[in-house]
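Throughout, protein chains are lettered first and strands after them, A, B, ... in sequence-line order, and every chain is numbered starting at 1. Note that this is a predicted model, so its numbers are computed, not measured.
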Amino acid sequence: MTTTAVKRACDACHRRKVKCDGISPCRNCSASQLSCTYNAVPQKKGPKGSRAKVINELKETQRQTSLSAKLQGGINGVAASATLAPTPRLLTKETLKACIDFFFNHMYPAMPILERHRLEQDAMYMDQNLDTYCLLTSLCAFVCLQPGMTMPGPAGMQNDPFSPEMMFGGNIVTSTLLMEETIRVRKGYDYVASPSVNSLCTSYFLFAVHHGLEMHDKAWFHLREATTLAHMARMNEEQAYLQYDSNDSVDAARRRRLYWQLFVTERFVPESCFARSCSIGRKLTNLLAVHMPCSIAAR
DNA sequence: TTATTCGGAAATTAAAAACA
DNA sequence: GTTTTTAATTTCCGAATAAT
């Protein structure tokens, strides 16, 4: 009945949800004096992962949240802690993007434990996956503690649910908030049963954040937790990597680096070091530069 | 009145599962 | 291998709302 859909609508028509004629500049843009661009990168269509994945995830989160709502007697005493579900809009897309950028621009060489493409793919579904959500909140908590990291402020958009003040200590507040969010949401699902690489990274970031905040006992706890999870995932056995090497070399490489990261951190950032305040980022950079084989640190 | 916004139906696409 | 089923993404219709 109607005209056939154009294969690609321009950015403005897409936003406005109006029919685009697909030429440049399109009629709508010309009419409203907008510059007609086609910059948006189309998402991959079609199912991702196993078919039942989403439905099972939804079931699981529903089960967990109803369960935790019952179990939770109110840890902080405030209404906000009635559930272990993620706090809506705590972690904005802008903040997340800024943190991911900062991580890969400044921290990645010292911690090559994330793979950018995978991370960005995963990030799109963080609302559906608690494991991913925790990884991202802990990553942001860690990144926003770093010297030189400025959080995206209210200048651009006005949606700033936890408005990070651009002054001293502002990032510490944000970091603490995100760290607590990670820990809280983590209680809502069983990340120990079959530890994923992401939950390992989450523990590692929790370690790093606590360390940065001078909470050394808890830092140590999370580092040990990460190590324990790594052993549970048999990351100390070379044989365990063989299956990944053939199927998913990116994942295998990540596992190897992560294991080394843990190994080096645990060995060279012992309790004695906790007594002194030092920038974990700088320290690890130095340590890893010396102790990590190039083949592993490379990329 | 016309212009704009946006919920959501329909179409499109691609991966997973089923089949031969 | 090919076909079917299913899920994710896209376009854009048309009702609701805002502007004039």
Side-chain angles (χ1 to χ4, degrees), chain A residues 1-66 85-98 100-101 114-137 139 152 154-161 185 188-190 193-194 196-199 242-255:
Chain A
M1 40 171 165
T2 38
T3 53
T4 52
V6 70
K7 58 259 137 255
R8 183 107 142 81
C10 77
D11 297 334
C13 289
H14 182 29
R15 247 314 317 269
R16 302 211 290 150
K17 300 188 176 184
V18 291
K19 181 156 176 58
C20 186
D21 54 23
I23 59 173
S24 187
C26 76
R27 203 198 314 221
N28 285 320
C29 288
S30 311
S32 42
Q33 280 123 25
L34 290 164
S35 62
C36 189
T37 58
Y38 290 81
N39 294 332
V41 284
Q43 305 284 88
K44 265 218 185 312
K45 292 180 175 179
K48 295 170 176 53
S50 176
R51 270 191 200 165
K53 193 179 150 197
V54 172
I55 215 160
N56 286 337
E57 263 173 25
L58 286 168
K59 273 182 190 162
E60 181 61 14
T61 36
Q62 281 182 4
R63 197 181 67 82
Q64 293 288 355
T65 44
S66 70
T87 310
R89 306 186 56 72
L90 174 66
L91 187 57
T92 61
K93 287 268 188 292
E94 293 78 40
T95 308
L96 182 57
K97 189 182 181 310
I100 291 177
D101 282 344
L114 297 175
E115 203 278 317
R116 184 160 199 161
H117 185 69
R118 288 274 167 92
L119 186 71
E120 284 171 341
Q121 288 278 104
D122 286 355
M124 291 193 277
Y125 309 105
M126 72 167 178
D127 296 329
Q128 282 106 58
N129 188 322
L130 294 179
D131 206 41
T132 306
Y133 180 79
C134 288
L135 173 68
L136 294 170
T137 47
L139 168 69
M157 298 270 182
Q158 79 280 50
N159 58 335
D160 50 323
V185 173
Y189 74 100
D190 190 359
S194 54
S196 68
V197 189
N198 282 351
S199 53
L242 296 176
Q243 54 170 315
Y244 297 109
D245 272 327
S246 49
N247 295 340
D248 188 342
S249 57
V250 174
D251 194 55
R254 226 186 118 196
R255 282 168 184 270

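- In this structure, Leu135(A) CG and Leu130(A) CG are separated by 12.5 Å, a value rounded to the nearest 0.5 Å.
- Note on Arg16(A): a base of the nucleic acid sits closer than 4.0 angstrom, heavy atoms only.
- Residue His14(A) places no side-chain N or O under 4.0 Å from the OP1 or OP2 atom of dT10(C).
- When each of dT13(B), dT5(B), dC12(C) is scored by its nearest atom to the side-chain atoms of Lys45(A), the top-ranked nucleotide is dT13(B).
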Just the table, please: protein N/O against nucleotides 16-20 of chain C N/O, every pair under 3.5 Å.
none

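- Distance Asn28(A) CG to dT2(B) P: 17 Å, rounded to the nearest Å.
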Task: Base-pair map of DNA chain C as dot-bracket, where | denotes pairing with a different strand and pairs are Watson-Crick or G-U under 3.5 Å - done: |||||||||||||||||||.
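- Here the side chain of Cys20(A) is nearest to one of dT4(B), dC12(C), dT13(B), namely dC12(C).
- The separation between Lys19(A) atom NZ and dT5(B) atom C1' is 19 Å, rounded to whole Å.
- Put simply, the side chain of Lys17(A) and the base of dG8(B) share a donor and an acceptor less than 3.5 Å apart.
- Put simply, NZ on Lys44(A) is 12 Å from C1' on dT9(C), counting in whole angstrom units.
- Side-chain proximity of Val18(A) to the nucleotides dT11(C), dC6(B), dT9(C) is greatest for dC6(B).
- Qualifying side chain to side chain donor-acceptor pair (under 3.5 Å) partners for Asp131(A), counting only residues two or more places apart in sequence or in other chains: Tyr189(A), Ser196(A).
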